[in-house]
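This one's a predicted model, so the numbers in the text were calculated from it and none came from an experiment. Below, all heavy atoms of this structure are taken into account, side chains as well, without hydrogens, waters or symmetry copies.
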Amino acid sequence: MRRPFLAYLLAVVIPAALTVAWGVVAARGAWRDVGEASQVRVGRMALRALAEDLAEGLPPSTAQVGRVTGYRTALLRDGLRTAATDPAPPPEGVDGAVRVPGAEIGEGTAAWAVVVAPRQPPAAPLPFPLLLVTGLLLLFAALAGWIQLSGAPREERVLSVLLLSALPAVTAWAFLIQADGLCRKAANEAERRDLTRALAVARLRHVEGDPHSVHRLTGFHAWRVRGGVVAAASLPGPADAVAALPAPPPSFTSTGTVATPEGESAYVALRLPDGGFTVAAVVPSPERTERFSRNAAWAAAALAAWLLLAGAVAAAGKVRVSSGR
C-alpha cells in the first residue's frame, strides 16, 4: 500500500464515512425522539381522561384510549397495573415502552402512571436503498483511489485525484441532505398521526365538538367550523384561514396545513354530526422538526473544514518538495 493512497483514505474517505455514520446515528436518535414524543402524548391523553373519569365516578378508560390510538397502554396505580390493553405494554424501559407519570389524581394519595408502547417496532428511519447506495459510492471511491494512487506518482494525475477526492465528500453531503428531508417528512407525518389519534380520543370521550375540551384533553388547539364561520376556538386570534377550510368527508378526516395565530400549522379536520367540523392543529415546533437539520449542517461544515485543512497541508507539502529539488 502506497503512502498517497493511505493519505487519501485518512484525509478524504474515512472522514466522509464517519460523517455518514454520524448521520445514521443522529437520524435514528431523531426518529426515536419523535416516537417517544408521540407515546408521551398518548400517555398524557390517557391521564387526562383518567382525571375526568375519576371526577365523574367512572371506570378508567385508559385501555380504550390505548385501543383507539393504536398503542399498547397500561394504567398503574401505586406501581400496580389496574387496566391495560390486550396485549399489555412491556415493563418500563423495555422494548421502547415510555412511562408517563401523573400527579395525584383523585382518590386520596394514589399515584397514577401510564405505560405506553407501540404495537409494532417502528420502521427504520432511513431506507435501506439509501444506505446501500451511499456505502457503495464510498467503497467505489476507496477502490478508485487505490487504483489511481497505488502506482508511481505522476503530475498529470493531479486533476483526476482532485475529482476523485470530491466523490466521498459529495456523497456524504448528499446523504445528509437526503436524511434531513426524510427526518422532516417523518416528523410532519408523526404530528398528523398524533392529531388523528387526538381527535379519535376526543370522539371516544364525546367532546369532539367542543374545542376547549379537545384542547384540555389532547393538548392540541382546536376550532369548530360551521357554515364557513369559526363558532368556537381554544386559541384566540383571527382564524379566517381555518374558517375557509373545506369540510372533510362524512366518514374520513382531512389533513393539510393552515395558517393559525401561531403560524403555519399541520391540521386534521373531523366531520361533526351537525354538518360542521372540528379542526385540530399542531402549533409549529421547530425544535422537533429542525434539530437534525442543525446538527447535519454542523457535520457538513466540519467535513468541509477538514477537507480544506487536509488540502492545505497537502499543498504545503507539495510546495516544500518542489522547492527542495
Side-chain angles (χ1 to χ4, degrees), residues 30-31 33-46 48-49 65 68-71 116 118 122 180-293:
W31 183 244
D33 291 344
V34 168
E36 289 182 357
S38 296
Q39 291 172 248
V40 169
R41 280 174 170 169
V42 172
R44 287 175 178 167
M45 283 191 284
R48 290 165 183 152
V65 171
V68 300
T69 57
Y71 277 87
V116 182
D180 177 42
L182 291 173
C183 286
R184 285 175 176 271
K185 181 179 178 181
N188 292 332
E189 290 178 351
E191 288 184 337
R192 287 187 171 88
R193 286 195 298 271
D194 288 348
L195 286 169
T196 302
R197 295 179 184 119
L199 288 179
V201 173
R203 186 158 48 183
L204 171 71
R205 307 290 300 175
H206 306 293
V207 298
E208 68 271 25
D210 181 3
H212 296 284
S213 296
V214 171
H215 177 59
R216 184 172 58 252
L217 177 65
T218 68
F220 294 121
H221 282 294
W223 295 258
R224 187 176 77 248
V225 180
R226 182 175 173 83
V229 177
V230 174
S234 66
L235 182 65
D240 296 339
V242 175
L245 290 174
S251 301
F252 300 93
T253 58
S254 59
T255 65
T257 57
V258 65
T260 70
E262 296 282 341
E264 196 76 11
S265 305
Y267 80 87
V268 172
L270 173 69
R271 188 75 168 261
L272 299 174
D274 63 3
F277 58 95
T278 292
V279 177
V282 179
V283 174
S285 177
E287 290 185 359
R288 186 177 185 183
T289 57
E290 297 180 7
R291 193 182 72 173
F292 179 84
S293 302

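Closest non-hydrogen pair, Pro238 versus Pro261, comes out as O-CG, 3.4 Å. For the pair Pro246 and Phe277, the tightest heavy-atom approach, listed with the atom from each and the gap, is O-CZ, 4.1 Å. Residues Phe220 and Ala198 share a closest heavy-atom pair of CD1-CB, 3.5 Å. Nearest heavy-atom pair, Val225 versus Ala243, reported as atom, atom and distance to 0.1 Å: CG1-O, 3.9 Å. The two residues Val34 and Ala187 make their nearest non-hydrogen contact at CG2-CB, 4.3 Å.
Listed by first and then second residue, the salt bridge (Lys or Arg N to Asp or Glu O under 4.0 Å) pairs involving residues 239-259 amount to none (not counting sequence neighbours).
For the atom pair CG of Asn188 and CZ of Arg193, the computed distance is 10.5 Å after rounding to the nearest 0.5 Å. How far CG of Asp33 is from CZ of Phe292: 12.5 Å, rounded to the nearest 0.5 Å. The CG atom of Leu235 sits 8.0 Å away from the NE2 atom of His215 when rounded to the nearest 0.5 Å. Between the OG1 atom of Thr218 and the CZ atom of Arg48 there is a distance of 7.0 Å, given to the nearest 0.5 Å. We find the CZ-CG distance between Arg197 and Leu204 to be 15.0 Å, quoted to the nearest 0.5 Å. Between the CZ atom in Arg224 and the CG atom in Leu270 there is a gap of 13.0 Å [rounded to 0.5 Å].
For the residue pair Thr260 and Ser265, a side-chain donor N or O sits within less than 3.5 Å of a side-chain acceptor on the partner. Side chains of Arg216 and Ser213: a donor-acceptor N/O pair is present below 3.5 angstrom, by distance only.
Contact of the Pro248 side chain with the Thr253 side chain is not registered, since no non-hydrogen atoms from C-beta on lie closer than 4.5 Å. Using a 4.5 Å heavy-atom cutoff, the side chains of Gln39 and Pro118 are in contact. Side-chain contact between Leu199 and Glu208: absent, with no pair of heavy atoms (C-beta onward) separated by less than 4.5 Å.
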After noting the C-alpha distance and the side-chain angles of Leu217 and Val207, does the key distance pass the side chain to side chain contact (heavy atoms under 4.5 Å, CB included) rule?
-> CA-CA 9 Å; Leu217 177 65; Val207 298; 4.1 Å; yes
Step-by-step side chain to side chain contact (heavy atoms under 4.5 Å, CB included) determination, Val65 to Tyr71 = CA-CA 8 Å; Val65 171; Tyr71 277 87; over 6 Å; no
Evaluate side chain to side chain contact (heavy atoms under 4.5 Å, CB included) for Val282 paired with Asp194, printing each intermediate quantity in order.
-> CA-CA 9 Å; Val282 179; Asp194 288 348; over 6 Å; no
Kindly determine whether Tyr267 and Val242 satisfy side chain to side chain contact (heavy atoms under 4.5 Å, CB included), including the steps that lead there.
-> CA-CA 9 Å; Tyr267 80 87; Val242 175; over 6 Å; no
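In this structure, Ser234 contributes its side chain and Ala222 its backbone to a donor-acceptor pair below 3.5 Å.
Applying the 6.0 Å contact sphere to CZ of Arg192 captures more than 12 heavy atoms from other residues, nucleotides or ligands.
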